> 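I have a structure I would like to understand better, so I am pasting it below and will then ask my questions one at a time.
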Number of protein chains: 2
Amino acid sequence: MVSKNLIHEGSPVCQTCAQKNSSVFCKAKVEYLSEITGQKVSNTFKKGQTIFNEGSYPFGVFCINSGKVKLTHLGDDGKEQIIRLLKGGDIIGYRALLSGERYSATAVALEDTHICFIPKELFIHILKNDAALTFEMMKLLADELHKTELKMTHLAQKPVRERLAEILLFIEETYGFEEDGITLNVRLSREEIANLVGTATESTIRLLSEFKRDNMVELDGKKIKIINQKKLAKTANLQD
Amino acid sequence: MVSKNLIHEGSPVCQTCAQKNSSVFCKAKVEYLSEITGQKVSNTFKKGQTIFNEGSYPFGVFCINSGKVKLTHLGDDGKEQIIRLLKGGDIIGYRALLSGERYSATAVALEDTHICFIPKELFIHILKNDAALTFEMMKLLADELHKTELKMTHLAQKPVRERLAEILLFIEETYGFEEDGITLNVRLSREEIANLVGTATESTIRLLSEFKRDNMVELDGKKIKIINQKKLAKTANLQD
DNA sequence: GTATAAACATGACAAAAATCATGGCTGTGT
DNA sequence: ACACAGCCATGATTTTTGTCATGTTTATAC
């Protein structure tokens with residue numbers, strides 16, 4: 001494993017980064033990759049730590065090397081809404097940077113997470129000179145927009161039960177399973193799941209119990225096992 | 001009025017288009033503007049006509065010259081969700097084109113609308129060669145993503161009453177008022193408003209009546225007059 | 001102008017979901 | 001091991017919202 005000692009040195013090299021081929025940066029010209037390697041700062045965030053905060057100014061973008069991150073909005077009544085779940089290879093903080101605004105969301109590590117920070121100037125400089133990378137970034141934004149529009153429609157039209165089923169499948173799609181092949185590979189509190197679904201925590205707890213009763217999932221503390229994916233997908237009532 | 005005869009010729013010239021300074025294309029290099037002028041197709045859509053349909057393949061982007069357009073998703077149960085309202089200067093159909101997918105939404109003219117069509121090849125060719133324009137497109141996407149994330153959070157957390165108030169203010173922000181300074185400058189059915197808010201048509205009708213009772217709006221058929229904007233904003237309970 | 005359909009409006013009711021209350025469980029630090 | 005806090009669970013209740021039914025008004029076509 002090349003990445004092992006690199007990570008422990010605190011400063012992995014982009015050209016050999018484990019995420020090189022899943023990140024947008026894999027599309028950057030090689031010359032820029034070494035520039036990034038030279039200027040980036042590598043960091044570790046412990047579970048629960050905040051990477052950046054809604055309302056503050058962005059100084060660059062973050063590229064997740066390993067770990068899991070949630071991106072949240074604070075609603076007008078102070079309730080948290082999780083708008084995205086992220087993992088190794090994903091970049092965060094670019095939205096506000098491109099719009100030239102403050103962060104509109106807060107990023108928090110869901111588990112110990114390694115992240116590289118790329119300064120704003122370098123990021124913008126590369127974008128302005130690397131058309132292919134800019135094009136990829138544009139695509140990434142277009143995809144994100146599409147996903148968000150879908151989520152919006154589902155929030156507006158689907159009952160909580162369907163949305164919860166959908167979110168469980170979405171978590172699976174994002175983080176996959178543990179070695180046993182059925183346990184969702186992330187630990188989220190009931191409240192966090194509720195904040196993904198857009199509902200009250202109690203409703204989430206109640207529905208999870210129902211899903212368990214209906215043999216779609218098994219619950220063991222924060223561990224959630226998907227034991228009947230097909231039925232769950234049917235419950236989610238998905239078409240698209 | 002330069003634009004008047006241009007429009008009636010059926011083929012306005014981008015360099016003198018009334019929307020030149022509000023569209024992203026105003027950032028395109030002059031040389032590309034004339035290329036667009038040469039290749040675009042100008043068209044008129046009557047009220048209610050479909051500009052493109054969810055599920056079909058994009059062959060280019062549309063640039064709205066004048067008029068009003070709604071972009072809608074079909075939910076899994078066949079219910080329409082309006083995801084964006086557009087006007088002169090806005091471009092549509094770029095999202096699917098950039099992602100290389102079929103349209104994920106349907107565009108329908110809300111009133112007689114003039115639109116220029118720019119072929120895919122030209123659009124992509126220009127993007128690949130005009131870094132400044134690409135950068136602007138990226139910003140546009142970033143802004144759209146932000147707006148959509150906000151809408152998502154509000155759909156998840158706010159009650160219907162607040163969302164309706166918010167939507168009325170949003171319509172005002174988008175299309176403004178008629179000459180009288182209080183009548184919203186667009187005619188939407190109650191059902192369409194409901195599909196913006198994400199609620200049942202009857203709920204929308206009921207709440208509009210309440211807003212009228214509470215002296216926030218006046219109703220006259222499809223005409224909606226905002227007579228107490230401050231109170232409406234308070235009802236919307238906005239912070240951001 | 002008149003017929004016809006579509007849109008608007010309102011009441012009654014049912015369903016969905018949030019809130020409140022309470023108790024048990026689990027993990028963490030001492 | 002123990003106390004404590006935070007999380008999980010569940011029941012009871014209220015509020016919100018959707019659905020169904022029905023009548024009225026408005027727009028549109030002939």
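Predicted model only: the values in this text are computed from it and were never measured. When reading the values below, keep in mind they use all heavy atoms of this one structure, side chains included, and skip hydrogens, waters and symmetry mates. Residue numbering restarts at 1 for every chain, and letters A, B, ... go by the order of the sequence lines.
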> Write down the distance between CZ (B/R213) and P (C/dT10), rounded to a whole number of angstrom.
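Between P of C/dT10 and CZ of B/R213: 11 Å.
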> For the helix from C/dG1-D/dC30 to C/dT30-D/dA1, how many degrees between its two end axes (five pairs per end), to the nearest 10°?
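Taking five pairs per end, the axes differ by 50°.
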> With a 6.0 Å cut-off (strictly less than), is the heavy-atom count around NZ of B/K225, excluding the residue itself, greater than 12?
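More than 12 within 6.0 Å, yes.
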> Name all residues meeting the ring-ring contact (aromatic ring centres under 6.0 Å, His included) criterion together with A/F62; count only those two or more places apart in sequence or in a different chain, and write none if there are none.
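Expected list: A/F52, A/F117.
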> Let me know the distance between CD of A/E210 and P of C/dA17, rounded to the nearest Å.
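These atoms are roughly 10 Å apart.
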> Working to the nearest 0.5 angstrom, can you tell me the gap between B/M216 CE and B/L232 CG?
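With rounding to 0.5 Å, CE (B/M216) is 6.0 Å from CG (B/L232).
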> To the nearest 0.5 Å, what is the distance between SG (A/C17) and CG (A/N65)?
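One gets 4.5 Å once the value is rounded to the nearest 0.5 Å.
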> My understanding is that only residues two or more places apart in sequence, or in another chain, count here; which of them pass side chain to side chain contact (heavy atoms under 4.5 Å, CB included) with B/A194?
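By the side chain to side chain contact (heavy atoms under 4.5 Å, CB included) rule, B/A194 matches B/T199, B/T201, B/T204.
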> Keeping to residues at least two apart or across chains, list the salt bridge (Lys or Arg N to Asp or Glu O under 4.0 Å) pairs with something in residues 187-205 of chain B.
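Sorted pair list: B/K70-B/E192, B/E178-B/R187.
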> 5' to 3' on DNA chain D, which nucleotides open and close the contacts with chain B (atom under 4.0 Å from a heavy atom)?
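That gives a stretch of D/dT17 to D/dC20.
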> With sequence neighbours left out, what residues match A/E111 under salt bridge (Lys or Arg N to Asp or Glu O under 4.0 Å)?
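Here the qualifying residues are A/K68.
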> Less than 4.0 angstrom from a charged side-chain N to a carboxylate O is my criterion; do B/K234 and B/D214 meet it?
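Salt bridge absent between B/K234 and B/D214.
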> Just list the side-chain donor-acceptor pairs under 3.5 Å for residues 82-96 of chain B, sequence neighbours left out, or say none.
{"residue": "B/R84", "atom": "NH1", "partner": "B/Y94", "partner atom": "OH", "Å": "3.4"}
{"residue": "B/R84", "atom": "NH2", "partner": "A/E149", "partner atom": "OE2", "Å": "2.7"}
{"residue": "B/K87", "atom": "NZ", "partner": "B/T174", "partner atom": "O", "Å": "3.2"}
{"residue": "B/D90", "atom": "OD2", "partner": "B/K87", "partner atom": "N", "Å": "2.8"}
{"residue": "B/R95", "atom": "NH1", "partner": "B/S99", "partner atom": "OG", "Å": "2.9"}
{"residue": "B/R95", "atom": "NH1", "partner": "B/E101", "partner atom": "OE1", "Å": "3.4"}
{"residue": "B/R95", "atom": "NH2", "partner": "B/S104", "partner atom": "OG", "Å": "2.8"}

> Output one line per pair: protein atom, nucleotide atom from nucleotides 2-5 of chain C, and distance, for all N/O pairs under 3.5 Å.
none

> Which residue pairs pass the ring-ring contact (aromatic ring centres under 6.0 Å, His included) test with at least one member in residues 210-236 of chain A, sequence neighbours excluded?
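For residues 210-236 of chain A, and leaving out neighbouring residues, there are no ring-ring contact (aromatic ring centres under 6.0 Å, His included) pairs at all.
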> Can you check nucleotides 18-23 of chain C for protein contacts, nitrogen or oxygen pairs under 3.5 Å, and list what you find?
{"residue": "C/dA18", "atom": "OP1", "partner": "A/T199", "partner atom": "OG1", "Å": "3.4"}
{"residue": "C/dA18", "atom": "OP2", "partner": "A/T199", "partner atom": "OG1", "Å": "2.5"}
{"residue": "C/dA18", "atom": "OP2", "partner": "A/A200", "partner atom": "N", "Å": "3.4"}
{"residue": "C/dA18", "atom": "OP2", "partner": "A/S203", "partner atom": "OG", "Å": "2.8"}
{"residue": "C/dT19", "atom": "O4", "partner": "A/R206", "partner atom": "NH2", "Å": "3.0"}
{"residue": "C/dC20", "atom": "N4", "partner": "A/E202", "partner atom": "OE2", "Å": "3.4"}

> Hey, can you pull the residues of residues 184-197 of chain B with a non-hydrogen atom under 4.0 angstrom from DNA chain D?
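Residues of residues 184-197 of chain B that come under 4.0 Å of DNA chain D do not exist, since none gets that close.
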> For A/E172, what residues pass the salt bridge (Lys or Arg N to Asp or Glu O under 4.0 Å) criterion, not counting sequence neighbours?
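Once residues adjacent in sequence are excluded, A/E172 has no partner under the salt bridge (Lys or Arg N to Asp or Glu O under 4.0 Å) criterion.
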